[in-house]
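Worksheet: the structure to be examined is printed underneath.
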There are 2 protein chains.
Amino acid sequence: MDVADDLFKALADSTRRTILDELTQKSGQTLFEICSRLSMKHRLGISRQAISQHLAVLEAAGLVETRREGRYKFHDLNTAPLRQITDRWLAPDTSDQEESTP
Amino acid sequence: MDVADDLFKALADSTRRTILDELTQKSGQTLFEICSRLSMKHRLGISRQAISQHLAVLEAAGLVETRREGRYKFHDLNTAPLRQITDRWLAPDTSDQEESTP
DNA sequence: AGCATAGGCAAGTGAACGCTTGCCTATCAA
DNA sequence: TTGATAGGCAAGCGTTCACTTGCCTATGCT
């Protein structure tokens, strides 16, 4: 329905948020690299396909961008879509609020 | 699992985001006021109970605070939890990133 | 008191979601 | 060419989620 729907749906899962954390620490990781990090550092017993699906969701939301090089596919973080959240509810413009009279 | 889970789950639904929009325009609305606004302005054919459940989710996430006065219950917006998102991935500190060597 | 208004609780339903399993394609090294 | 590595596609399963329906409590007006 909403255009922002993909973004918020992508952020709704804790595994996907952890993936964003990992890409924040090191951008340009491959699928297998992300897999091993989630397994080692975060003790997440999760399959490769599950993570692949998570990455697809993050890519649909614009939070992750990919580039292919040979048999490797690198995943880069893009935090730009997150600005929507700030712009929507943390905008400094409070000039046209209605008065509170129940 | 995560403590931030409530926040992102709350934002994952488009109706709840619309409620936040409405509370941004006018804080301190009652349940019925929110109901009529969603119905009129946003053409959302949704029951009162559904909206009540949405407000409970938003309150659990800390995005909405409530105060009772007689038979009225007013709902106030609290955008403070949204700062978590900025702090987590939009933090200006990029000093301790790892180098990208696949 | 009697009735309308404002809100709450709980069970049930259909759809979406997260994850697994199994198999397939593509790239590179021996 | 064979084998290993990196990734993709799709069906199936159990859980969670959004929403409805029905009934109940509390406050206020006349």
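From a predicted model like this one, the values you see are computed outputs, not experimental measurements.
- Each of Phe32(B) and Asp13(A) has a nearest nucleotide on DNA chain C; the 5'-most of these lies closest to Phe32(B).
- Considering only side-chain N and O atoms, Ser52(A) lies nowhere under 4.0 angstrom from the phosphate OP1 or OP2 of dG7(D).
- The pair Arg83(A)-Asp87(A) fails the salt-bridge criterion, with no side-chain N (NZ, NE, NH1 or NH2) lying under 4.0 Å from an Asp/Glu carboxylate O.
- Between Arg67(A) and Glu69(A) there is a salt bridge, since a side-chain N of the basic residue sits under 4.0 Å from a carboxylate O of the acidic one.
- Separating the CD1 atom of Ile51(A) from the P atom of dT20(C) is a distance of 9 Å, rounded to the nearest angstrom.
- Put simply, the residue from Leu58(B), Asp21(B), Leu20(B) that forms a side chain to side chain contact (heavy atoms under 4.5 Å, CB included) with Leu77(B) is Leu20(B).
- One finds a side-chain N or O of Ser47(B) lying less than 4.0 angstrom from the OP1 or OP2 phosphate oxygen of dT20(D).
- Distance, Gln49(B) CD to dG22(D) C1': 9 Å, rounded to whole Å.
- Residue whose closest nucleotide on DNA chain D sits further toward the 5' end, between Gln53(A) and Tyr72(A): Tyr72(A).
- The distance from atom CD of Glu59(A) to atom P of dG8(D) is 9 Å, rounded to the nearest whole Å.
- The side chain of His54(A) approaches dG18(C) more closely than any other nucleotide in the set dG8(C), dG18(C), dC19(D).
- A donor-acceptor contact shorter than 3.5 Å is absent between the side chain of Glu65(B) and the backbone of Gly62(B).
- Note: CZ (Arg16(A)) to C1' (dG18(C)) measures 8 Å, nearest angstrom.
- If you measure from atom CD of Glu69(A) to atom P of dC28(C), you get 11 Å, rounded to the nearest angstrom.
- Judged by distance alone, with hydrogens and angles left aside, Arg68(A) brings no side-chain donor or acceptor close enough to the base of dG7(D) to form a pair under 3.5 Å.
- Neither OP1 nor OP2 of dA26(C) sits under 4.0 Å from any side-chain N or O of Lys73(A).
- Judged by distance alone with a 3.5 Å cut-off, a donor-acceptor contact links the side chain of Arg48(A) to the base of dG8(D).
- Taking only side-chain atoms of Ala50(A), from C-beta outward, the nucleotide of dT20(C), dG7(D), dC9(C) with the closest atom is dT20(C).
- Distance, Lys9(A) NZ to dG18(C) C1': 14 Å, rounded to whole Å.
- Counting only heavy atoms from C-beta on, Arg71(B) has its side chain closest to dG28(D) among dC19(C), dA18(D), dG28(D).
- For the residue pair His54(A) and Ile19(A), the shortest heavy atom distance occurs at CB-CD1, 3.8 Å.
- Spacing between atom CG of Leu44(B) and atom P of dC19(D) amounts to 9 Å, rounded to whole angstrom units.
- Taking atom CG of residue Leu31(B) and atom C1' of nucleotide dT25(D), one finds them 15 Å apart after rounding to whole Å.
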